[in-house]
Amino acid sequence: MLLVTWNVNSITARLDFVLDFLATRRPDIVCLQELKVDDDAFPRLAFAQAGYACATHGQRQWNGVGVLVRKDAGPGPEIVQAGLLGQEAAGGRLLTVRALGLTVTSVYIPNGKSVRHPDFALKLAWLDSLATYTEGLAREGGSVVAGDFNLCPGDLDTWDPARHAGHIFHTEEERSRFQRLLAQGYHDVFREQVPGERVFSWWDYRAGSFHKKQGLRIDLVLATGDVARRATAASVDRDFRKKREGRVPSDHAPVLVELA
DNA sequence: ATGTCCACTAGGAGTGGA
């Protein structure tokens, strides 16, 4: 089973890219973030024609998350939870579905802007609420929480740890909250499959960051032990961070995890 | 390197967000 997470930076702008990816890789489950459309405007017909069923928790203009499930692989997705309890004001950033025997949560953690910006405290509060929510999922097992976490778990997940130390995405406050999820029983599946290697999932559009290999690993796949044990491979598909036939990519690449 | 891309409002280019 191939499971993917991808922040597409507008599903409208990226539809051709995503359809191209689905045709190429035929993933079974895809967690999407930054749809930037409400549920009514989500192009579910295009995905149905491509063989995928969709569940979305959309939002006009900003945020918005969804899950695609390959129809041939089985039924679903069946929505379990749309939105993070108590954090509705932060926008559409969490969707939990059941599909293919898993409980899959697509998340888009708030960016926070900078450590001194008021949004940083909101980000930490959102992460606290997330941990409260995932406690139950972790106990049940069969849980995958995948998405754009807007934080680098460790120094191996950033192109220049010294330069970024203590700055947004790299603070002790963010990392300790990430560790809390691991303490609940979640595994960072990509990192366990690819230990010790500097691999990124996001590169700034500006300054030629992608070609200079100046990126961050902020798109993560967490899974409870029963699921993480099934993992056989993980990768980032950098091809989909490149222009294709003149079309502009998302600033994130898809992250892939193979489960037995 | 304030370097790019997206959506919204508006009916063109500026603004906010990432």
Side-chain angles (χ1 to χ4, degrees), chain A residues 5-21 31-43 46 56-66 84 87-95 106-127 130 146-153 157-160 162-164 166-171 173-174 178 200-220 236-255:
Chain A
T5 184
W6 195 4
N7 178 324
V8 294
N9 185 18
S10 167
I11 195 61
T12 308
R14 223 66 60 202
L15 184 58
D16 290 347
F17 254 84
V18 178
L19 292 174
D20 201 358
F21 176 80
C31 295
L32 298 172
Q33 300 86 37
E34 276 207 87
L35 301 176
K36 295 188 175 181
V37 293
D38 61 29
D39 293 333
D40 292 339
F42 185 83
T56 61
H57 181 48
Q59 183 184 338
R60 182 177 175 265
Q61 187 170 10
W62 292 311
N63 313 312
V65 291
L84 180 58
Q87 296 292 340
E88 291 82 2
R93 295 176 176 276
L94 181 142
L95 177 69
S106 179
V107 290
Y108 177 44
I109 278 85
N111 177 293
K113 295 193 177 73
S114 74
V115 293
R116 271 179 285 277
H117 194 281
D119 283 8
F120 185 61
L122 298 177
K123 177 184 196 172
L124 299 181
W126 202 95
L127 283 164
L130 177 65
D148 177 358
F149 280 70
N150 270 322
L151 64 85
C152 301
D157 304 313
T158 185
W159 64 275
D160 190 342
R163 175 197 181 112
H164 292 103
H167 289 99
I168 193 77
F169 296 12
H170 302 75
T171 67
E173 291 95 324
E174 291 159 300
F178 178 72
F200 306 132
S201 65
W202 173 88
W203 298 261
D204 199 306
Y205 279 124
R206 296 165 289 190
S209 301
F210 180 69
H211 295 289
K212 289 192 272 188
K213 304 191 186 307
Q214 299 178 344
L216 306 174
R217 189 176 74 94
I218 56 178
D219 299 277
L220 311 175
V236 172
D237 196 340
R238 298 177 82 257
D239 276 353
F240 284 86
R241 180 59 178 77
K242 299 171 184 170
K243 272 191 179 162
R244 301 174 81 79
E245 294 153 18
R247 288 178 282 121
V248 177
S250 170
D251 44 355
H252 299 251
V255 177

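All values below were derived from every heavy atom in this structure, side-chain atoms included, with hydrogens, water molecules and symmetry-related copies excluded. Below, chain A is the first sequence line, B the second, and so on; all start at residue 1.
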Pairwise C1' distance, dA7(B) and dG12(B) [rounded to whole Å]: 15 Å
Interatomic distance where CZ belongs to Arg247(A) and C1' belongs to dC6(B) [whole Å]: 17 Å
Arg14(A) side-chain N/O to dC6(B) phosphate OP1/OP2 under 4.0 Å: yes
Closest to side chain of Arg60(A), choosing from dC6(B), dC8(B), dA18(B): dC8(B)
Ring centres under 6.0 angstrom apart (Trp203(A), His211(A)): no
Parallel, tilted or perpendicular, as decided by the 30° and 60° cut-offs, for the rings of Phe240(A) and Trp6(A): perpendicular
Value in whole Å for how far the P atom of dC6(B) lies from CG of Asp251(A): 9 Å
With Ala207(A) via side-chain contact (heavy atoms from CB on, under 4.5 Å) - residues at least two apart: Ser209(A), Lys212(A)
Per Tyr108(A) side chain, nearest of listed nucleotides dA18(B), dC8(B), dG17(B): dA18(B)
Atom-to-atom span, NE2 of His252(A) to C1' of dC6(B) - whole angstrom: 12 Å
Rounded distance [0.5 Å steps], OH in Tyr108(A) versus CG in Asn150(A): 5.5 Å
Between dC5(B) (P) and Leu35(A) (CG): distance, integer Å: 21 Å
Which residue lies more 5' along DNA chain B, comparing Trp62(A) with Lys36(A) via nearest heavy atoms: Lys36(A)
Toward the 5' end of DNA chain B, by each residue's nearest nucleotide, Asp148(A) or Ala207(A): Ala207(A)
P gap between dC5(B) and dA10(B), integer Å: 26 Å
Arg93(A) side-chain N/O to dA18(B) phosphate OP1/OP2 under 4.0 Å: yes
For atom CD of Gln61(A) and atom P of dA10(B), their distance in whole Å: 12 Å
Gap between atoms CG and P, on Leu151(A) and dA18(B) respectively (whole Å): 15 Å
Atom NE2 of His117(A): over 12 foreign heavy atoms under 6.0 Å: yes
Candidate nucleotides dT4(B), dC6(B), dA7(B), ranked by approach to the side chain of Asn9(A) - the nearest: dC6(B)
Atom-to-atom span, CZ of Arg241(A) to P of dA18(B) - whole angstrom: 17 Å
Interatomic distance, Gln59(A) CD vs dC6(B) P [rounded to whole Å]: 18 Å
